[in-house]
Amino acid sequence: MSRLVVVSNRVAPITEGQPTSGGLAAGVMDALRAKGGIWFGWSGEVVEGEAGPAREQRVGAIQLHTIDLNRRDYEDYYRGFANDTLWPTLHYRPSLARFDWKEYEGYQRVNAIFARAVAPLLQPDDIVWAHDYHLFGFAEALHAEGVTNRIGIFLHTPFPAPQVFMTIPAHEALARSLCHFDLVGFQTETDRLALEDYIAREIAGDVAGHVLCAFGREARTGVYPIGVQVDECRAQAIRADNQKAAVRLRSSVAERRLIMSVDRLDYSKGLRQRFLAFEKFLEDFPAARNEVTFLQIAPPSRGDITTYQEIRAELEAEAGRINGRFADLDWVPLRYLNRGFAREELMPMYAAAQVGLVTPLRDGMNLVAKEYVAAQDPADPGVLVLSQFAGAARELNAALVVNPFDTVGLAKALDQALTMPREERRSRHADMIRVMRENSLDRWRDRFVADLAG
Ligand code: ADQ
């Protein structure tokens with residue numbers, strides 16, 4: 001029987017019987033549990049000197065293989081090319097990117113290290129599923145090891161317009177690497193079209209029937225919007241054991257309405273613009289003062305990287321300024337919590353919020369938007385205010401779709417959300433749930449795996 005071999009930058013910590021966090025982890029874990037298989041990736045450990053061989057751990061039918069990275073590989077591959085070049089560029093922010101050929105070589109070197117460790121684990125029928133922008137070079141590296149298995153990649157981030165992609169000096173080499181995959185999967189049609197456009201117009205490849213022909217290779221493309229487990233989100237939202245944080249939140253907010261946002265602290269998420277829009281809302285709709293609280297949860301991510309430290313300082317300053325301007329004796333308008341919560345604690349908090357405010361400047365999908373909708377009480381649901389630049393907006397057009405750069409428009413959308421009649425909220429919510437059930441997390445995975453195997 002063919003096994004699934006999943007390769008991602010990190011392997012999520014897994015304990016048997018425990019719920020997994022995040023879309024990728026939850027989605028692939030179910031498939032691995034059912035079919036048996038391997039999950040390979042970095043352990044998250046950085047070692048001084050040379051990294052040792054991969055470690056193996058068995059959890060039920062799943063074999064987890066992890067390797068450490070040495071300091072140089074971590075700096076060049078992870079901090080350097082993946083996070084300081086690819087991440088900003090893929091999110092349409094080339095002005096935040098830097099490029100260094102040495103880091104690019106380090107990126108391809110780590111892809112080759114991954115490939116050398118994975119190749120001996122493979123059986124002839126196995127299919128290999130790589131995840132995300134860390135692994136553009138992985139199929140090419142596996143081919144160099146003589147592997148002939150089917151290999152696919154799913155890109156969790158956006159893929160940018162050709163002129164943006166081409167700001168990376170190594171763009172052509174990266175495109176060649178991508179063409180080594182049998183299947184390249186995207187979150188939205190826009191992302192797929194961007195790569196197809198680049199291949200057809202910029203490097204004179206052929207694109208027919210969603211097959212890329214370039215560099216002497218053929219790669220199929222597909223669109224697989226990632227989803228959430230809709231019923232599980234709602235079940236967690238109402239489960240008695242999960243209510244502790246939500247109860248504290250509700251009692252502190254008292255009778256006021258709640259706007260809620262949850263993000264990793266990242267410049268792609270549009271937090272500053274969102275804070276300014278909330279300020280504009282309080283300015284333009286004075287009746288909302290002391291009636292509405294905005295809760296932003298944003299734990300630090302990749303905290304050792306300077307840009308992230310800067311965002312953090314900037315947001316703390318903005319939150320302080322806005323609160324200084326509007327707070328009252330018994331009301332703090334904007335609560336900014338620089339810490340994470342377990343997913344099962346977040347779901348009841350989502351259910352307690354009248355508005356889910358999800359306004360990234362760019363996002364591959366944004367699962368928080370889908371989790372917020374799934375967690376709502378269908379009889380009296382909250383309203384999702386969603387950026388047009390999140391992949392999720394392609395499916396969730398029954399949300400209030402906004403331009404995150406339009407402060408005035410966003411402030412108006414907040415007012416519309418907070419005053420929306422229940423019938424309209426119910427009907428929009430039902431539309432979104434219908435789409436989310438169609439594009440469930442299981443369907444995302446099953447369609448990708450079927451297309452790769454077929
Ligand atoms: P992320 O950029 O991490 O993921 P997102 O999809 O919003 O973005 O979140 C992933 C998961 O992390 C969600 O399940 C969410 O609940 C959880 N999470 C986020 N912030 C949290 C917080 N403050 N505390 C606790 N949990 C939190 C990348 C891409 C996205 C894409 C996903 C999946 O950038 O565009 O949707 O992969 O493909």
Side-chain angles (χ1 to χ4, degrees), residues 6 8-10 12 19-29 82-83 86-93 129-135 153-160 185-188 190-191 223-230 232-233 236-237 242 245 260-271 295-303 308 312 315 335-350 353 356-375 384 386-387 389-396 436 439-441 444-445 448:
V6 173
S8 59
N9 170 57
R10 283 290 302 274
T20 45
S21 66
L24 189 163
V28 302
M29 282 304 291
N83 284 327
L86 278 178
W87 177 268
T89 310
L90 296 174
H91 287 86
Y92 286 79
R93 302 289 288 277
W129 185 3
H131 288 264
D132 229 357
Y133 61 98
H134 309 89
L135 295 173
I153 188 167
F154 179 77
L155 183 60
H156 290 257
T157 67
F159 192 89
F186 298 95
Q187 301 271 26
T188 70
T190 312
D191 303 308
V223 175
Y224 311 91
I226 192 168
V228 296
Q229 279 154 336
V230 175
E232 193 189 302
C233 289
Q236 284 187 355
N242 296 347
M260 185 170 163
S261 299
V262 177
D263 306 81
R264 282 188 305 102
L265 190 60
D266 189 284
Y267 47 77
S268 65
K269 302 292 183 184
L271 279 90
L295 171 65
Q296 170 71 61
I297 294 175
S301 73
R302 306 170 194 159
Y308 294 93
R312 190 173 162 174
L315 289 179
R335 294 198 207 163
Y336 169 42
L337 299 192
N338 199 225
R339 54 161 285 204
F341 285 86
R343 266 164 64 82
E344 56 271 23
E345 278 186 309
L346 279 178
M347 298 302 155
M349 290 159 84
Y350 290 143
L357 184 57
V358 183
T359 55
L361 306 181
R362 274 295 157 178
D363 217 327
M365 176 54 61
N366 196 299
L367 290 177
V368 171
K370 292 187 170 181
E371 288 165 357
Y372 173 79
V373 173
L384 176 66
L386 178 62
S387 163
F389 301 117
R394 301 277 144 183
E395 298 156 85
L396 304 184
M436 281 165 43
N439 289 342
S440 67
L441 186 59
W444 164 74
R445 176 196 67 219
F448 187 93

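If you're wondering where the values come from, they're calculated on a predicted model, not measured in any experiment. Start at 1 and go down the list; that is how both ligands and their atoms are numbered.
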Mark up the atoms of ligand 1 that fall under 4.0 Å of a heavy atom belonging to [X], in ascending order.
X	result
Q187	31 (C), 38 (O)
R343	14 (O)
R264	1 (P), 2 (O), 3 (O), 20 (N)
E371	13 (C), 14 (O), 15 (C), 16 (O)
V262	20 (N), 21 (C), 22 (C), 23 (N)
V368	7 (O), 15 (C)
P299	22 (C), 23 (N)
G364	35 (O)

Residue pair [X] / [Y]: nearest heavy atoms and the distance that separates them:
X	Y	value
H91	W87	ND1-O, 2.9 Å
Y267	N83	OH-O, 4.2 Å
V230	A374	O-CB, 3.9 Å
S387	A393	O-CB, 3.4 Å
Q187	Y224	OE1-O, 4.0 Å
L315	L265	CD1-CD1, 3.4 Å

Can you sort out the partners of N242 under side chain to side chain donor-acceptor pair (under 3.5 Å), two or more places apart, ordered by chain and number?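 Per chain and number, N242 pairs via side chain to side chain donor-acceptor pair (under 3.5 Å) with no residue.
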
Those residues that, when tested against S268, pass side chain to side chain donor-acceptor pair (under 3.5 Å) (two or more places apart):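 Listed in chain order: D266.
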
Would you call the rings of H156 and H131 parallel, tilted or perpendicular if under 30° counts as parallel and over 60° as perpendicular?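 It falls in the tilted class, 30° to 60°.
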
Using 30° and 60° as the class boundaries, would you call the ring planes of F154 and F448 parallel, tilted or perpendicular?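 It falls in the perpendicular class, over 60°.
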
Report the part of Y372 in contact with ligand 1, treating N, CA, C, O as backbone and CB onward as side chain, heavy atoms under 4.0 Å; options are side chain, backbone, both, neither.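 No part of Y372 comes within reach of ligand 1.
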
Mind checking whether R362 contacts ligand 1 via backbone (N, CA, C, O), side chain (CB onward), both or neither, at a 4.0 Å heavy-atom cut-off?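 It is neither part, as no heavy atom is under 4.0 Å.
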
Only one of K269, K370, R264, R394 passes salt bridge (charged side-chain N to carboxylate O under 4.0 Å, His left out) with D363; say which it is.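 In the set K269, K370, R264, R394, the residue that makes a salt bridge (charged side-chain N to carboxylate O under 4.0 Å, His left out) with D363 is K269.
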
Take every heavy atom of [X], measure it against each atom of ligand 1, and state whether any distance is under 4.0 Å.
X	result
L346	yes
Y224	no
K269	yes

[options]: member with heavy atom nearest to [atom]:
atom	options	result
atom 34 (O) of ligand 1	D363, N366, T157	D363
atom 24 (N) of ligand 1	F341, W444, Y350	F341
atom 37 (O) of ligand 1	H91, H156, M365	H156

May I ask you to check if ligand 1 and F154 share an N or O to N or O distance below 3.5 Å?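 In this structure, F154 places no N or O atom under 3.5 Å from an N or O of ligand 1.
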
